[in-house]
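Everything below concerns the one structure shown next.
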Amino acid sequence: MRILAIETSCDDTSSSVVENGNKVLSNIISSQISVHAKYNGVVPELASREHIKNVNIVFEQALKQANISFENFDKEIDYITCTYGPGLAGSLLVGVMTAKTLSYIYKKPLIPINHIEGHIFSAAIENKELKPPFLAVVISGGHTELVIIKDYGKYKFLGGTRDDACGEAFDKAAKILGLPYPGGPIIDKLAEQGNNDAVHFTRPMMKGTWDFSFSGIKTAVLNYSKKVDIKKQNIINDICASFRQAVAETVVTKSVEAAKKYGLKSIALGGGVSCNSLIRNMFKKECKKNKINIFLPSPVFCTDNAAMIAHVAYHKALKKKYVYPNKQVVSIKPSLELENW
């Protein structure tokens, strides 16, 4: 089974061809970082325009890399899938309309996929041994969520952020410190040269709930930065290290506690922040200590990519959860929550 996937939920235009859920024949990603960097964040209107410019080029490259020609599209591709939410409405619309058009032209079933589901199962692309039940930890620019995965399409939401998402906090902290966008990678890099214990930022554990809150740590960075000379590189490095340590401890501690509470033997990370070196290392250490299996996606599958969308679509196709071209395909729901199939 070969699936052509399109992912345009935010500022990355991606297309992928995946065979039988795990064999990635192509995974093309066009980044818009250079477009949005000058604004220290994603500008929705600009993101939509960039998707329009790039989407045809990207999915054509995905087909070419997979050695599939348009003449053989009908024979080589079995399903078409796309992200339909959550995300930026304008960005999503570009991917959905492209997928609907291809579905209509080639009379291929279309499978709409929730963006968060893609991140949840991103580690399963390279790790076939990752099977439900497990705890999914989604940490990205727009999301911070703990979800129990009972099976493909059967989930129990435990908790999420009440304010800033994990990646959003990194970006805002970087902006406060005068660092370039995106903030996560640069803070991770500078933190390696700093002292984790130089500044004590409170760990917002929010006891009694599985929710998160990162706005307080971000504000603490702002208040501390006003007291010191952030033009000095060693001070910047120490703030980055201390901030990263606080965020990592919060995410890892709550995740491991949740897995133990519900008797789950595996944890899978997903989302752009799961690239963070300290978070990855802390998860490995704590999971080993507590005899929990940890599954980490490769960096290319951490950020927004179409391969993870195709992986979930494969399992939906097995359960015949798809829409045909002559039926209502999908409506854009930017605030869509996870739904059981």
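Note that the coordinates shown come from a computational prediction; the quantities given were computed from them, not determined experimentally. Note: hydrogens, waters and symmetry copies are ignored here, and every other heavy atom, side chains too, is used.
The same ILVMFWY cluster, assembled from side-chain heavy atoms under 4.5 Å apart, contains both Ile105 and Ile6. Both Phe295 and Tyr314 are members of a single hydrophobic cluster when ILVMFWY side chains are connected at heavy-atom separations under 4.5 Å. Taking hydrophobic clusters as Ile, Leu, Val, Met, Phe, Trp and Tyr residues chained together by side-chain heavy-atom distances below 4.5 Å, Ile125 shares a cluster with Ile120.
The closest donor-acceptor contact from the side chain of Lys316 to the backbone of Gly153 lies at 3.5 Å or more, if one exists at all. Remark: side-chain polar atoms of Ser242 are paired, donor with acceptor, to backbone N or O of Asn195 under 3.5 angstrom. With hydrogens and angles ignored, the 3.5 Å screen pairs no side-chain donor or acceptor of Asp151 with any backbone N or O of Lys154. Of the possible polar contacts, none joining the Thr144 side chain to the Gly160 backbone as a donor-acceptor pair under 3.5 Å is found. Panel note: side chain Asn276, backbone Leu278; a donor-acceptor pair is recorded below 3.5 Å. Ser103 places a side-chain N or O within donor-acceptor distance of the main-chain N or O of Lys108, the cut-off being under 3.5 Å. Counting only distance, with no hydrogens or angles, the side chain of Thr8 and the backbone of Gly95 share a donor-acceptor pair below 3.5 Å.
Legend: residues meeting side chain to side chain donor-acceptor pair (under 3.5 Å) with Asp238, ordered by chain and number and at least two apart, are absent. When the ring-ring contact (aromatic ring centres under 6.0 Å, His included) test is applied to His51, no partner is found at least two apart in sequence or on another chain.
By the 4.5 Å heavy-atom criterion applied to side chains, Asn27 and Val18 are not counted as neighbours. Side-chain contact between Leu63 and Ser26 is absent, with no heavy-atom pair separated by less than 4.5 Å. Under the 4.5 Å side-chain criterion, counting only non-hydrogen atoms from C-beta, Asn20 is not in contact with Asn22. Looking at Ser215 and Lys172, their side chains never come closer than 4.5 Å, going by heavy atoms from C-beta outward. With a 4.5 Å cut-off on side-chain heavy atoms, Ile68 and Arg2 count as touching.
Cation-pi geometry between Lys254 and Phe212 is met: under 6.0 angstrom from the ring centre, within 45 degrees of the axis. Annotation: cation-pi geometry satisfied between Lys107 and Tyr104 (NZ/CZ under 6.0 angstrom from ring centroid, within 45° of ring axis).
Aromatic ring centroids of Phe170 and Phe243 lie under 6.0 Å apart.
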Take Gln65 and Gln61 through the test side-chain hydrogen bond (donor to acceptor under 3.5 Å, both in side chains) and record every step on the way to the result.
-> CA-CA 6 Å; Gln65 192 175 94; Gln61 288 181 349; over 6 Å; no
Please step through side-chain hydrogen bond (donor to acceptor under 3.5 Å, both in side chains) for the pair Gln32 and Ser30, ending with a clear verdict.
-> CA-CA 7 Å; Gln32 299 180 14; Ser30 176; over 6 Å; no
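Across every non-hydrogen atom of Ile217 and Thr202, the tightest pair is CG1-O, 3.7 Å.
When the options Phe121, Tyr79, Tyr152 are evaluated for a ring pair (Phe, Tyr, Trp, His ring centres under 6.0 Å) with His315, the one that passes is Tyr152.
Note on Lys260 versus Glu257: no salt bridge recorded, every NZ/NE/NH1/NH2 to OD/OE distance being 4.0 Å or above.
Environment of CZ in Arg49: sparse, with no more than 12 heavy atoms of neighbouring residues, nucleotides or ligands closer than 6.0 Å.
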